[in-house]
J.: 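Below you will find the structure I want to go over with you.
Note that these values count all heavy atoms, side chains included, but never hydrogens, waters or copies made by symmetry. Proteins get letters first, then strands, A, B, ... in listed order; numbering begins at 1 in each.
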Number of protein chains: 2
Amino acid sequence: MKINVQSDLQHLAQDAFSAGGALAGIGSLAKETLGDRVYGELRALLMAGKLAPGEKLSLRKVAEAIDVSMMPVREAVNRLAADGALEVLPGRAVRVPIMSLGQFHELTRIRLVLEGFAAEEAARNASEADIVAMAEAEHVFRAAAEADPPKSTEAVTANHQLHATLYRAAGMPTLFEMIERLWLRAGPVINLDMRNDVERLKGGSAVQAHAALLAALRVRDGAGARRAIEADISAAAAHIARTGGLADD
Amino acid sequence: MKINVQSDLQHLAQDAFSAGGALAGIGSLAKETLGDRVYGELRALLMAGKLAPGEKLSLRKVAEAIDVSMMPVREAVNRLAADGALEVLPGRAVRVPIMSLGQFHELTRIRLVLEGFAAEEAARNASEADIVAMAEAEHVFRAAAEADPPKSTEAVTANHQLHATLYRAAGMPTLFEMIERLWLRAGPVINLDMRNDVERLKGGSAVQAHAALLAALRVRDGAGARRAIEADISAAAAHIARTGGLADD
DNA sequence: GCACTCTAACTGTGATCACAGATCACGACA
DNA sequence: TGTCGTGATCTGTGATCACAGTTAGAGTGC
């Protein structure tokens, strides 16, 4: 497991090198620090579920894997810990938090409120370009989910892109950040599940919810968009609560 | 201004020394790091509105003021920046974020959703002890607000305690943390306003909302509790939007 | 063969130093 | 007197070292 982590980190380090160059051109003109880069890489790893709950990280190992000193890693880990995406135990150890069933339920209820609100706002404010982008993401997601065998990684990415585009379209940056933070917490659980249980993708509840969402958005039906998102979240959460192997606590 | 900040920091450093000792006995048995202590002090400063929006901080000055090295301050500032409570500008500067009117409106809308939800949950789950604690906080708040001259600092503290007790009573720790983070962002604006415009306290809209809240809680009226909190937030936000001196952007 | 002890390696935390970029005040020139 | 340049100072970032506490594994005793 540790070995997998390191290989993942090295892999992402290379990706981030090129991706960083691309982002430097597109994104903010402000030069990003090394700490920002490490933060982004660890964040992507967590969001994609590449780091399993309970998995321990070592600042030195991570630093060596992506070829920087310990300092930027410390900064990144501290920020992720502030986000609740990592946990720094008093006993000199940092790990991916282990979520209990109760915590997962709470997270789901908050997601219903916050993402439902964002969906309703997005129905009012989304541009045509936003809706087109979401339709494309939905198309990619469905293709990946219905492939045989399902392309789980692509499905996870497309699913996130679909949701992120929706929430960004609400036009409330702070709300978007808060939701992203929730996804960061849920990522290890949700995506680990999606990858381990690809059959769920073929069930179609997600595809169905996404279709209903797009239909609602096209007629600016805020309540309908909220219902669609709530159905999507609830279905996924119910499945994970059953099979996610969460601690009883 | 800078001088005030430093004196505030030194003041809090002394307070935190004794408070830390008390907390060590009451709170988590895990020994807190220096970084945690600095984080708590800066957080308290921000929450109380002692640091004005736009005010610049210096890692070295803060470190010297509370007599630690730069490292714990770096960690604390990074965590606060992740919370959105501080801002690290690319151009080697860290400051309290300046909130625009639009950002404040967004923050208020999110607060209405999140704190309204928490109030509704609290109405279901609050214990008698919780309600008693809130009644006491309300009493302290009213006394401080109606005194002549109004004791603004005490009022701010009591107000926060009242709300915090309510949200904690919802029994959703993650939700509570998210709300606290919102307060941390709004703190510099809200409390700076409360201190500068103590007359608002005498207006009674807050006192009125608090009374309605307690009445609703006592009969487990979730919808009523939500309405009371929404009224409290809306009234305060409307006042600040008028007189808070927020940037137009 | 099993349990225990002790040590060596490893952990995050904190301090200190080096460095490049930003800032600001002082001084020179027009 | 006004404006521009310039260098001393201060900024956050990153690296390196020291340290105490934890952990895991090898060795020893039963």
J.: Over how many whole Å does the gap from Leu89(B) atom CG to dA22(C) atom P extend?
T.: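 Value for this atom pair: 12 Å.
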J.: Would you find a donor on one side and an acceptor on the other, under 3.5 Å apart, between the side chain of Asp130(B) and the backbone of Ser127(B)?
T.: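 Checking the backbone N and O of Ser127(B) against the side chain of Asp130(B), a donor-acceptor pair under 3.5 Å is found.
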J.: dG21(D) C1' sits how many Å from Leu59(A) CG, rounded?
T.: 15 Å
J.: Could you tell me which residues satisfy side chain to side chain donor-acceptor pair (under 3.5 Å) with Arg168(B), sequence neighbours excluded, listed by chain and number?
T.: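 Testing Arg168(B) for side chain to side chain donor-acceptor pair (under 3.5 Å), a comparison that skips the adjacent residues, returns none.
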J.: Say whether Glu115(B) and Tyr167(B), considering side chains only, have a donor N or O and an acceptor N or O under 3.5 Å apart.
T.: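 Side-chain D/A pair, Glu115(B) to Tyr167(B): present.
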J.: Round to the nearest Å and state the distance from Arg95(A) atom CZ to dC10(C) atom C1'.
T.: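 Distance, rounded to whole Å: 18 Å.
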J.: Atom CD of Glu87(B) and atom P of dT11(D): how far apart are they, to the nearest Å?
T.: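 So the two atoms are 18 Å apart, to the nearest Å.
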J.: Describe the nucleic acid contact of Val77(B) in one word from base, sugar-phosphate, nothing, applying a heavy-atom distance below 4.0 Å.
T.: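 Result for Val77(B) = nothing.
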J.: Could you run down nucleotides 14-19 of chain C 5' to 3' and tag each one B, S or - for protein heavy-atom contact under 4.0 Å?
T.: BB--B-
J.: Whole-Å distance between dT11(C) P and Leu57(A) CG?
T.: 11 Å
J.: Show your reasoning for whether side chain to side chain contact (heavy atoms under 4.5 Å, CB included) applies to Thr174(A) and Arg185(B).
T.: CA-CA 11 Å; Thr174(A) 300; Arg185(B) 280 198 185 201; 3.4 Å; yes
J.: Any base atoms under 4.0 Å from Val88(A), or only sugar-phosphate, or nothing? Heavy atoms, all strands.
T.: nothing
J.: Between Lys56(B) (NZ) and dT23(C) (P), how many Å, whole number?
T.: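 Whole-Å distance recorded here is 7 Å.
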J.: Which heavy atom of Asn78(A) sits nearest a heavy atom of Arg79(B), and at what distance?
T.: O-CG, 3.8 Å
J.: Just verifying a value: how many Å separate Glu136(A) CD and Thr165(A) OG1, rounded to the nearest 0.5 Å?
T.: 9.5 Å
J.: Can you measure Tyr39(A) atom OH to dT13(D) atom P for me and round it to whole angstrom units?
T.: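 Value for this atom pair: 15 Å.
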J.: Does dT11(D) have OP1 or OP2 under 4.0 Å away from a side-chain N or O of Lys61(B)?
T.: yes
